[in-house]
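What follows is one structure encoded as structure tokens, with my remarks underneath.
Whatever order the structure lists ligands and atoms in, that order sets their numbers, starting from 1. In what follows, residues are counted from 1 in the order of the sequence shown.
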Amino acid sequence: MTTLAVEIDNVTKTYDELIAVQNVSLQVPRGSTLGLIGPNGAGKTTLLRIVSTLARPDIGDVRIEGKSVREDPRGVRRHLGFMPAEFGCPRNVTIEEYLDYFGCMYGLTPDDRRQRMRDVCELTDLSGREHVYVKGLSTGNRQRLLLAKTLLHDPSVLILDEPASGLDPRARNELRAIIKTLASLGKAIIISSHILPDIEDISDRIGILEAGQLVLQGDLTTLRAQSGTARRTIRLRVPADDTERAAEAIRSLNGVASCDIRDQNIVITSDEPNSNYLLAALLEHDIRVVQFSENETNLEEIFMRSTAGKVT
Ligand SMILES: Nc1ncnc2c1ncn2[C@@H]1O[C@H](COP(=O)(O)OP(=O)(O)OP(=O)(O)O)[C@@H](O)[C@H]1O
Ligand SMILES: [Mg+2]
């Protein structure tokens, strides 16, 4: 059996003249999270709607747990939970009534509904609030409720379109923790967001869309390499008497692009994916490291470098 829960295969979708999604292929293994980022209008929501059987691809196909969105959309929906970016919530109902209603829609028996409601409330930290009215919920708790509803039928694949938009930093933090827990339970997750530090934190792999096309995909290391931003800057300090000797040793190493002494600091640019080789070389020369810091390119820089602001 394949470990892939989601296989997006060469999907294209047009609206009249506009190509909203063009030739996109992506895979998500079980227990892993794919972050989807891109400028406004890049095609993220369109792609997520296709994966969720709410829009049909013109070309290509998507398989969820082996089932095709074209041939077996009902089969796909059994495995899939979709949390849209904008979703109206009835206000004059309690959390319990709201979840029970959707449990009925999913065809769960009363016993199953009670059990699942307990499970999803626990997962989303809503336990104890079942009798609170939806209209009294904060934005953060409303997003948790939508997520709880999305989890009711225990889908193995979760599609989350901008779930953190409008959340304050604490609520975002809590949402990130919930998403990580869901991935650790074996769910395959696709999440779109404009909050790049969140995506950087929770995603195993990231896809960058622009004007309907996938411009980059892979883990952060791959993205750094593909976007030409793999170089790291390392600053280290050694005892003053050893500074010259340390810089000389470092300059002779493969992978070091530059090495300068600035205000007693040794500033190195390195093309290696980690800096252990620098520390090992200093150890070999019996030089103690007093201070060490390094900067890696973050997702925002990769995003700015790899997208040009093109819109469809
Ligand atoms: N139903 C539709 N009919 C016509 N055009 C559409 C439709 N849905 C989306 N589009 C267009 O397709 C393109 C992609 O839109 P989409 O909503 O997928 O982008 P997005 O990446 O989700 O953007 P955002 O970051 O703003 O949410 C846009 O140009 C949009 O106007
Ligand atoms: Mg969108």
- prompt: Hey, is Arg305 close enough to Glu300 for a salt bridge, meaning N to O under 4.0 Å?
  reply: no
- request: May I have the step-by-step check of ring-ring contact (aromatic ring centres under 6.0 Å, His included) for Tyr106 and Phe102, ending in yes or no?
  value: CA-CA 6 Å; Tyr106 286 128; Phe102 281 99; 7.0 Å; no
task: Could you go through the side chain to side chain contact (heavy atoms under 4.5 Å, CB included) check for Leu158 and Leu80 one step at a time?
output: CA-CA 6 Å; Leu158 281 175; Leu80 188 126; over 6 Å; no
- prompt: Could you give all pairs that pass the side-chain hydrogen bond (donor to acceptor under 3.5 Å, both in side chains) test and reach residues 233-243, with sequence neighbours left out?
  reply: Arg237-Asn265, Asp242-Arg245
query: Does the pair Lys180/Asp201 count as a salt bridge with the N-to-O cut at 4.0 Å?
result: yes
task: State if Arg49 counts as touching ligand 1 under the rule of any non-hydrogen atom under 4.0 Å.
output: no
message: Considering both backbone and side-chain atoms of Gly41, is one of its nitrogen or oxygen atoms within less than 3.5 Å of a nitrogen or oxygen in ligand 1?
response: yes
field: Salt-bridge present (Arg205, Asp219; N to O < 4.0 Å)
entry: no
message: Between ligand 1 and Leu18, is the shortest N or O to N or O distance under 3.5 Å?
response: no
message: Below 3.5 Å, N or O to N or O, backbone or side chain included: is there any such pair between Gly38 and ligand 1?
response: no
statement: Report for the Mg ion (ligand 2), protein N, O or S closer than 2.8 Å, by chain and number, lists Thr45 OG1
query: Are the charged groups of Asp271 and Arg231 less than 4.0 angstrom apart, N to O?
result: yes
message: Assess whether a salt bridge exists between Arg170 and Asp168, defined as any Lys/Arg side-chain N lying under 4.0 Å from an Asp/Glu carboxylate O.
response: no
